[in-house]
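Before any comments, here is the structure.
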Amino acid sequence: MGTRFEELAWRETPIGAISLRRRRDPALEVEVYEVKLDDEFLMSSLFPVAEIELARLGLAELAGDTLDVVVGGLGLGYTARAALDDPRVRSMLVVEAIEDVIDWHRRGLLPFAAGLAEDPRTRFAHADFFAAVAGDTGFDAEAPGRVFDAVLLDVDHSPRNVLHPSHAVFYAPAGLRRLAALLRPEGVFALWSDDPPDAEFTAALTGVFATARAHVVPFANPLTGGESANTVYVARTAG
């Protein structure tokens with residue numbers, strides 16, 4: 001890479017200006033891909049561990065040999081790419097509210113997500129994940145009411161720190177019940193969070209799902225030289 005910094009894509013959206021940037025980190029000697037919403041950093045390729053574990057921990061709870069999966073929030077593609085690495089996944093519907101993010105993958109701007117858009121199991125849905133849960137159709141407009149084996153969600157920073165106020169109702173029991181209705185028996189809902197485990201939210205999950213657990217996912221932080229952690233919640237419906 002000949003330049004230290006490059007803005008690969010930028011677009012004004014209803015929730016703010018979203019941009020994809022690539023920069024060369026001279027200290028780490030790596031190319032770093034970052035997504036920003038206005039002046040707020042949403043994600044970085046320096047910290048993919050928990051996004052990958054979201055898929056692995058969620059799908060590990062499932063016993064089936066043929067899995068239909070929803071990924072809520074595409075981002076840099078780590079969760080979706082990791083889901084496709086599970087040979088049991090026969091279909092993956094990626095629900096993404098910002099069409100430009102889908103376009104980044106179709107244009108091949110993210111080399112570490114190579115093959116995601118081209119995989120025949122992948123289908124992109126340009127839609128609001130939270131509106132889909134609240135609506136009557138569900139996630140798949142081509143098959144209203146369709147149910148899935150797993151829903152893997154990474155959109156908000158955490159259940160308490162949401163990108164838009166309208167998202168907050170999803171994390172309450174009524175919203176979680178609507179989500180659970182879109183899962184098959186013994187289906188899994190897994191959620192990424194930037195915050196430590198939240199006892200109140202875990203209790204809300206337990207009140208709706210048969211089982212629920214908060215996994216702390218530690219990872220090396222090359223910026224601090226120490227260790228950071230995210231949380232992955234995994235909940236399963238009754239059989």
message: Is the shortest side-chain heavy-atom distance between V35 and I18 below 4.5 Å?
response: yes
message: For residues 70-85, which residue pairs pass the side chain to side chain donor-acceptor pair (under 3.5 Å) check, not counting sequence neighbours?
response: none
Between [Y] and [X], is the closest basic N to carboxylate O distance under 4.0 Å?
| X | Y | result |
| --- | --- | --- |
| R23 | D25 | yes |
| E7 | R21 | no |
| R106 | E118 | no |

R88: partners by salt bridge (Lys or Arg N to Asp or Glu O under 4.0 Å), with sequence neighbours left out: D86
Salt bridge (Lys or Arg N to Asp or Glu O under 4.0 Å) pairs, two or more places apart, involving residues 215-237: E61-R236
message: Once salt bridge (Lys or Arg N to Asp or Glu O under 4.0 Å) is applied, what residue pairs with a partner in residues 181-191 remain, sequence neighbours excluded?
response: D68-R184, D149-R184
- request: Indicate if M92 and V147 have the same hydrophobic cluster label, given that clusters are the connected sets of ILVMFWY residues with side-chain heavy-atom separations under 4.5 angstrom.
  value: no
query: With a cut-off of 6.0 Å (strictly less than), are more than 12 heavy atoms of other residues, nucleotides or ligands near CZ of R11?
result: no
Using residues 202-216 as the side-chain source, report each donor-acceptor pair under 3.5 Å to any protein atom, sequence neighbours left out, with the distance given to one decimal.
residue	atom	partner	partner atom	Å
T202	OG1	D198	O	3.0
T206	OG1	T202	O	2.9

task: Kindly write out the residues that satisfy side-chain contact (heavy atoms from CB on, under 4.5 Å) with A220, not counting sequence neighbours, or none if the list is empty.
output: none
